[in-house]
Amino acid sequence: MANEEDDPVVQEIDVYLAKSLAEKLYLFQYPVRPASMTYDDIPHLSAKIKPKQQKVELEMAIDTLNPNYCRSKGEQIALNVDGACADESSTYSSKLMDKQTFCSSQSTSNTARYAAALYRQGELHLTPLHGILQLRPSFSYLDKADAKHREREAANEAGDSSQDEAEEDVKQITVRFSRPESEQARQRRVQSYEFLQKKHAEEPWVHLHYYGLRDSRSEHERQYLLCQGSGGVENTELVKSPSEYLMMLMPPSPEEEKDKPVAPSNVLSMAQLRTLPLADQIKILMKNVKVMPFANLMSLLGPSIDSVAVLRGIQKVAMLVQGNWVVKSDILYPKDSSSPHSGVPAEVLCRGRDFVMWKFTQSRWVVRKEVAAVTKLCTEDVKDFLEHMAVVRVNKGWEFILPSDGDFIKKHPDVVQRQHMLWTGIQAKLEKVYNLVKEGLPKKPDGQSGPAALLSGDQRVQAAKSKAQQNHALLERELQRRKEQMRAATVLPGVRIKEEPMSEGEDEEDQDAEEDEEPMDTSLGGGLHDRLANGLPSGRAAGGDSFNGHPPPGCASTPVARELRAFVEATFQRQFVLTLSELKRLFNLHLASLPPGHTLFSGISDRMLQDTVLAAGCKQILVPFPPQTAASPDEQKVFALWESGDMSDQHRQVLLEIFSKNYRVRRNMIQSRLTQECGEDLSKQEVDKVLKDCCVSYGGMWYLKGTVQS
């Protein structure tokens, strides 16, 4: 007791177990270096891994301008390794040892006792380590030098003896056939060191992209070190009831377990269900029910469960369709499983079921033949998909099984917006895989007829006319209201704006002030065209087009435009080169971090985002992709910050000009072009900085960020 009083508890810290990176997190132990230099400051030229062996190789640059670097020794090593004639296969293309390779070895085989800890805001978050690797310098270049030396000696000996050699006599040879290998001999051969080394060597290397400590990707991945469900949804391993804790300390004996009656594996009572963690309860319910409104799910879980925690848990196992939750395809068809009807792998089944779910987000009706024609799956598989979430109607098709839940959509607009962004990404993948057009039907050659329609042509025309008449009055009133808001926002004291409606082709003088003061350009895109380096058409900027009621980003007076412009400028200050696909991904992450009801949740179109990028001083780089590239249209749109205000602007502009004519470039070509254009001999550090800002290295070539197709 006296010892406990002398050592009081100073602080209690909550401990959380983060599992997002539990199977992916490795600890790299680098050789000791001076405290003033970190390995993140050294350019990583390339990285590759053998996943099965947990073997990693990193290639890092050596500072050849350091006063401690012996240049003559570096030149001698490069000469011994590559010889006098350097070519594309040379290890050191600069004829100087300017890089070093590090190979990994496992420091321990049992990593169950190790974890990475992150302390933030009074909480300690632990992530289990999957492996601990020690990196040591590799001297494989010495083996290459020895091999070169032996080749030269063999060539010299062959040259001296070839003059005296006569034609060899014909020799008799004996052919022997090997006997069948016994099982014992095969086992000895498989367990031999030579066989294991050969098997390890056959595993292919997987090339990796290295992201530095301050890169946005690193910052995003670092968030996974925090427990995503700090409210208790995912942290159940560290939260146990007294009975569960007692069961862990004193588990029942095997005899007691055998005496208990065993229930069927697919039967689980509600009493047993409520003893499970909340995440498992939601997963089991959704896997069995398939489709469920949120209100029904809350009633099954019980009144004491927090709805916010349920919302977080349901989004991990289900997707929102017409206000109802439908279980995700990968929950029903886990990896490495297959169809019981056709034997199709789970990946193809998930893709086909996602297509059916996406069709139901567009309409309440789906035609089975249309689904089969697009997905190319057998009738039984398609029928299983539809029976999960729809009911058949004679002579009509399959109708979604539940009515649309408008109450949930009104109460949770932030969840609806997040689910809409997820469906947008799924739609893009489906369009790419199934070769879909905007209407969701497969593209057909000219003259090929489509599937049989359920409605006649006259019925479709009448339905379209009635729908257009119903929407016309609403659109007119909405347009008038938007014009009044825009007019009120742009009118300044002492300036009167003309009342005539603006058309896309109007001249800018029609929008000038009518008083004797200096004319003021009040068109929405009047000043935007002058700032865009890529030359957007003036009709696009001056028109009154908007998305969800917001004017284009050229109108800086709107909160949406200001918020979007601030995001774009901040993003391109951190990353100088981005594809449209990567920019949209970062924007979606930014939206996910915003509070509900933020102005950016009202909707941002792709065109509005691109116009804002160009207005922020960026240029579109027309990279000549290969004809057979697998890059999507958004991945082929590359934007770069043209001027950031630092000393490297001119170097980056020369580099971007190079990539506007070449898809991939070698480093020596970049360095020579920079020296030619800038009129100065750039140091290696300056070239490395420009390449790190804009490019990535893959297979000995340099690509603009986001354009490499591995």
Side-chain angles (χ1 to χ4, degrees), residues 30-34 36-48 56-104 135-159 205 207 210 212 648 651 654-655 658 664-693 695-703:
Y30 287 85
V32 178
R33 296 187 66 88
S36 60
M37 179 180 295
T38 63
Y39 278 90
D40 190 71
D41 298 327
I42 304 175
H44 287 59
L45 303 179
S46 66
K48 53 186 180 180
V56 177
E57 275 193 12
L58 299 179
E59 191 174 86
M60 299 185 185
I62 297 178
D63 185 9
T64 58
L65 300 181
N66 192 293
N68 297 324
Y69 180 83
C70 181
R71 192 173 183 87
S72 60
K73 192 68 175 177
E75 292 175 350
Q76 183 62 41
I77 292 175
L79 180 63
N80 294 340
V81 174
D82 298 327
C85 300
D87 53 13
E88 295 181 358
S89 61
S90 300
T91 304
Y92 304 111
S93 57
S94 61
K95 296 184 179 181
L96 190 68
M97 183 181 177
D98 56 356
K99 58 186 178 182
Q100 187 176 15
T101 302
F102 289 84
C103 290
S104 68
L135 295 174
R136 296 183 174 89
S138 172
F139 302 99
S140 58
Y141 60 89
L142 297 178
D143 298 335
K144 293 183 180 180
D146 292 341
K148 289 272 187 181
H149 180 68
R150 286 194 294 269
E151 288 178 2
R152 286 194 294 267
E153 287 183 349
N156 293 336
E157 292 177 0
W205 287 102
H207 290 273
Y210 178 83
S648 302
H651 305 158
V654 173
L655 183 65
I658 295 175
R664 56 183 182 179
V665 188
R666 291 195 176 275
R667 181 191 174 97
N668 54 7
M669 175 183 175
I670 295 174
Q671 189 153 4
S672 62
R673 181 71 180 273
L674 286 172
T675 303
Q676 177 183 356
E677 294 292 336
C678 299
E680 54 182 330
D681 190 8
L682 298 180
S683 64
K684 186 176 183 298
Q685 285 76 7
E686 292 174 324
V687 177
D688 288 341
K689 181 182 183 306
V690 175
L691 292 175
K692 186 177 181 181
D693 289 344
C695 304
V696 293
S697 175
Y698 184 79
M701 304 294 290
W702 288 89
Y703 303 77

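Sequential numbering from 1 along the given sequence is applied to the chain's residues. Bear in mind that the values here come from a model prediction, so they are computed numbers and not experimental data.
For the pair Tyr69 and Leu96, the tightest heavy-atom approach, listed with the atom from each and the gap, is OH-CG, 3.6 Å. Nearest approach of Leu674 to His651, heavy atoms of both residues: CD2-O, 3.5 Å. Counting all heavy atoms, side chain and backbone alike, Trp702 lies closest to Cys695 at CE3-CB, 3.7 Å. Closest approach of Arg666 to Gly700, counting heavy atoms only: NH1-O, 3.8 Å. Shortest non-hydrogen contact noted between Ile658 and Ile670 is CD1-CA, 4.3 Å. Minimum interatomic distance between Leu65 and Lys684 (heavy atoms only, all atoms of both residues): CD1-N, 4.3 Å.
The shortest distance between side-chain heavy atoms of Glu57 and Ser138 does not fall below 4.5 Å.
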Show, in sequence, the C-alpha distance, side-chain angles and deciding distance for Leu691 and Gln671, and conclude whether the side-chain contact (heavy atoms from CB on, under 4.5 Å) test is met. CA-CA 10 Å; Leu691 292 175; Gln671 189 153 4; over 6 Å; no

side-chain contact (heavy atoms from CB on, under 4.5 Å) between Val654 and Gln676, intermediate numbers included: CA-CA 10 Å; Val654 173; Gln676 177 183 356; over 6 Å; no

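From Met97, atom CE reaches atom CD of Glu75 across 13.0 Å, with rounding to the nearest 0.5 Å. The CD atom of Gln76 sits 10.5 Å away from the SG atom of Cys70 when rounded to the nearest 0.5 Å. From Met701, atom CE reaches atom CE of Met669 across 9.0 Å, with rounding to the nearest 0.5 Å. Atom CG of Leu655 is separated from atom CZ of Arg673 by 10.0 Å, given to the nearest 0.5 angstrom.
Every residue two or more places apart in sequence or in another chain was checked for a side-chain hydrogen bond (donor to acceptor under 3.5 Å, both in side chains) with Arg71, and none qualifies. Under the side-chain hydrogen bond (donor to acceptor under 3.5 Å, both in side chains) criterion, Asn668 pairs with no residue at all, not counting sequence neighbours. Gln685 pairs by the side-chain hydrogen bond (donor to acceptor under 3.5 Å, both in side chains) definition with Asp63, not counting sequence neighbours.
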